[in-house]
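Side chains included, hydrogens not; waters and symmetry mates left out as well; all remaining heavy atoms used.
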Amino acid sequence: ATAPSVAGSYGFQWQMVRVGSTNFGVVTPPKTITVGPQANDAAFGPIVIPSTVPAGRDFAVSLTVTNTGGTTWSTNDLFELVSQNPLTNMVWGVGRIAVPASVPPGQSFVFALTLTAPPTVGQYNCQWQMRQFGRGIFGTPSAGAVINVTAVGNAARFSRRSSRRT
């Protein structure tokens with residue numbers, strides 16, 4: 001049997017069944033099984049990711065993550081935010097960011113990141129997930145965002161002026 005994914009108390013009993021027939025035999029005595037929060041778990045809250053960025057330019061991203069597990073996240077215990085789609089890819093110039101402060105269960109942390117757009121125009125996935133290095137990824141990944149990387153326009157405009165003195 002697999003434990004429920006939501007913490008709580010659950011009733012548990014067994015009885016034999018014959019395929020194509022009815023239940024038979026004695027029902028086991030009821031047992032209450034308490035399921036606690038997963039040791040490591042996370043849920044993403046508000047996320048601010050632009051839909052369009054110029055190729056090769058830096059841009060700001062904000063990701064709010066809540067510690068929904070039973071352990072405190074810290075840098076010393078190697079908790080980090082990692083890029084997904086695929087895992088720890090370097091599309092945005094960085095593949096992982098260490099948790100810079102302790103985040104106890106039930107608390108949220110806002111990752112305010114500066115990412116760099118790829119140099120090539122196109123559509124790219126931007127998705128993140130929590131990981132404890134050496135123990136693996138955990139929690140639900142952030143919603144996937146598709147970012148359109150556009151050509152960089154002229155940063156400066158030149159005008160031609162001529163003046164003649166007579």
Side-chain angles (χ1 to χ4, degrees), residues 1-14 30-155:
T2 301
S5 60
V6 177
S9 294
Y10 297 88
F12 191 74
Q13 283 186 292
W14 289 92
K31 296 283 183 187
T32 300
I33 297 176
T34 302
V35 176
Q38 294 182 16
N40 288 331
D41 204 3
F44 282 85
I47 297 173
V48 179
I49 298 176
S51 59
T52 303
V53 295
R57 298 285 172 87
D58 290 348
F59 63 99
V61 168
S62 172
L63 301 152
T64 302
V65 187
T66 301
N67 181 346
T68 56
T71 58
T72 297
W73 304 340
S74 69
T75 302
N76 290 345
D77 291 322
L78 306 176
F79 284 91
E80 57 191 3
L81 180 71
V82 294
S83 59
Q84 283 288 28
N85 208 359
L87 180 64
T88 65
N89 71 73
M90 295 295 292
V91 169
W92 306 109
V94 63
R96 60 189 194 170
I97 299 100
V99 173
S102 291
V103 183
Q107 297 297 307
S108 296
F109 183 81
V110 177
F111 286 91
L113 310 176
T114 299
L115 303 180
T116 303
T120 306
V121 171
Q123 291 188 330
Y124 296 86
N125 291 314
C126 186
Q127 189 173 35
W128 300 86
Q129 192 164 10
M130 291 301 299
R131 175 172 81 172
Q132 184 177 17
F133 188 78
R135 292 196 171 185
I137 59 173
F138 61 89
T140 304
S142 69
V146 175
I147 299 179
N148 293 308
V149 175
T150 59
V152 178
N154 292 335

Value rounded to 0.5 Å, distance of CG in L87 from CD in Q127: 11.0 Å
So, the side chain of E80 versus the backbone of F133: is there a donor-acceptor pair under 3.5 Å, distance only? no
Determine, stepwise, if the pair S62 / V110 fulfils side chain to side chain contact (heavy atoms under 4.5 Å, CB included). CA-CA 7 Å; S62 172; V110 177; 3.5 Å; yes
Can you name the nearest heavy-atom pair linking G70 to P105, along with the distance? C-CG, 3.7 Å
Before giving the answer on side chain to side chain contact (heavy atoms under 4.5 Å, CB included), spell out for R96 and L81 the whole-Å C-alpha distance, their side-chain angles and the decisive distance to 0.1 Å. CA-CA 5 Å; R96 60 189 194 170; L81 180 71; over 6 Å; no
With sequence neighbours excluded, what pairs up with F109 under the ring-ring contact (aromatic ring centres under 6.0 Å, His included) test? F111
Tell me, with the steps shown, if L115 and V94 meet side chain to side chain contact (heavy atoms under 4.5 Å, CB included). CA-CA 7 Å; L115 303 180; V94 63; 3.6 Å; yes
Quick one, N67 and M130 - any side-chain contact, counting heavy atoms below 4.5 Å? no
Could you tell me which non-hydrogen atom of A117 sits nearest to which non-hydrogen atom of V53, and how far apart they are? CB-CG2, 3.6 Å
Point-to-point distance, once rounded to the nearest 0.5 Å, from CZ of R57 to OG1 of T116: 11.5 Å
Indicate yes or no: at least one non-hydrogen side-chain atom of N125 is less than 4.5 angstrom from one of V146. yes
Rounded distance (nearest 0.5 Å) linking atom OG of S108 with atom CG of L63: 12.5 Å
Side chain to side chain contact (heavy atoms under 4.5 Å, CB included), that's the test. Do W73 and S102 meet it? Break it down for me. CA-CA 5 Å; W73 304 340; S102 291; over 6 Å; no
Please round to the nearest 0.5 Å and tell me the distance separating atom OG1 of T68 and atom CD of Q107. 12.5 Å
For a quick test of reading the model, state the closest non-hydrogen atom pair linking P104 to T72 and the distance between them. CA-OG1, 3.6 Å
Between CG of L113 and CH2 of W128, what distance do you get to the nearest 0.5 Å? 6.0 Å
If we ignore angles and hydrogens, is there a donor and acceptor under 3.5 Å between the side chains of N40 and T71? yes
Is the side chain of S83 donor-acceptor paired with the backbone N or O of N89 at a distance under 3.5 Å, no angle test? yes
Do V61 and P50 have side chains that get closer than 4.5 Å, going by heavy atoms? yes
Does anything in residues 110-129 pair up under salt bridge (Lys or Arg N to Asp or Glu O under 4.0 Å), and if so which pairs, sequence neighbours excluded? none
Taking C-beta and beyond as the side chain, do S51 and I147 meet within less than 4.5 Å on heavy atoms? no
Of all the heavy-atom pairs spanning F44 and V65, show the shortest one and how long it is. CE2-CG2, 3.3 Å
So, N148 side chain and G122 main chain: donor-acceptor pair closer than 3.5 Å or not? no
Applying ring-ring contact (aromatic ring centres under 6.0 Å, His included), can you list everything that pairs with F59, at least two apart in sequence or on another chain? W92
When rounded to the nearest 0.5 angstrom, what is the spacing between OG1 in T64 and CD1 in I47? 8.0 Å
Nearest heavy-atom pair of Q129 and I137: which atoms, and what distance? OE1-CD1, 3.5 Å
